[in-house]
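The structure under discussion is supplied below as structure tokens; questions concerning it will follow.
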Amino acid sequence: QVQLVESGGGLVQAGGSLSLSCVASGLPFRNYAMGWFRQAPGKEREFVATISSSGPRSYYADSMKGRVTISRDNAKNTVHLQMNSLKPEDTAVYYCAAHIVPATSPVYSYWGQGTQVTVSS
């Protein structure tokens, strides 16, 4: 029933920008916190950003503060991740996730299939 579909990944030069989107269905979107995580080959899945259902309030990983912005559009059941000043170490599969409360650890209830982001040097 619940489905999260990411889009917007691709290949970008170092210093460039990308905007990721995630469309959710099958859940009361406005009541859920949304998050973005990423996973590079050989590494554990790590937190990128999260946004609460109300307020809204956002929180970012220290490694990405100042370079990423998370936002949500409740009318469209969509969460976005704007990424700027990208570095090769940002290369990873980026995952959208939904949870009843915000969290910085991978304890979210629902996950998308991910979208590949590749940053060339």
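Computation of the quantities below employed the complete heavy-atom set of this structure, encompassing side-chain atoms and omitting hydrogens, waters and symmetry-equivalent molecules.
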Of all pairs that satisfy ring pair (Phe, Tyr, Trp, His ring centres under 6.0 Å), the ones with a partner from residues 79-100, not counting sequence neighbours: H99-Y108

Ring centre gap for W36 and F47 strictly below 6.0 Å: no

Nearest non-hydrogen partners of S53 and R30, listed with the distance: CB-O, 3.3 Å

By side-chain contact (heavy atoms from CB on, under 4.5 Å) - contacts of S85 (at least two apart): R67

Between CG on residue L81 and CZ on residue F37, distance to nearest 0.5 Å: 12.0 Å

Set of residues satisfying side-chain contact (heavy atoms from CB on, under 4.5 Å) with respect to P28, sequence neighbours excluded: N31, Y32

Pair K87-D90, salt bridge (charged side-chain N to carboxylate O under 4.0 Å, His left out): steps then yes or no: CA-CA 5 Å; K87 307 173 181 179; D90 294 321; over 6 Å; no

Nearest atoms (heavy-atom pairs only) where E6 meets G114: OE1-N, 2.9 Å

Single-linkage hydrophobic cluster, 4.5 Å side-chain cutoff, W111 and V23 together: no

side-chain contact (heavy atoms from CB on, under 4.5 Å) partners for Q113, two or more places apart: none

Residue pairs, two or more places apart or on separate chains, that pass salt bridge (Lys or Arg N to Asp or Glu O under 4.0 Å) and touch residues 41-53: R38-E46

Stepwise side chain to side chain contact (heavy atoms under 4.5 Å, CB included) test for Q116 and T91: CA-CA 8 Å; Q116 176 71 47; T91 295; 4.0 Å; yes

Nearest-0.5 Å distance, CE of residue M34 to OG of residue S52: 12.5 Å

N/O donor-acceptor pair under 3.5 Å between Q82 side chain and V68 backbone: no

Approximate separation, where rounding is to 0.5 Å, of S58 OG and R72 CZ: 11.5 Å

Hydrophobic cluster membership, V79 vs Y60, 4.5 Å side-chain cutoff: yes

Which atom pairs, donor and acceptor, lie under 3.5 Å between side-chain atoms of residues 7-18 and protein residues at least two apart or in another chain?
residue: Q13; atom: OE1; partner: S120; partner atom: OG; Å: 3.1
residue: S17; atom: OG; partner: N84; partner atom: OD1; Å: 2.9

Hydrophobic cluster identity match, V48 and V5, side-chain contacts under 4.5 Å: no

Closest approach of N77 to F29 (non-hydrogen atoms, all atoms of both residues): OD1-CB, 3.5 Å

Gap separating the CZ atom of R57 from the CD1 atom of I70, nearest 0.5 angstrom: 15.0 Å

S54 side chain vs P56 backbone, donor-acceptor pair below 3.5 Å: no

N/O donor-acceptor pair under 3.5 Å between T50 side chain and P102 backbone: no

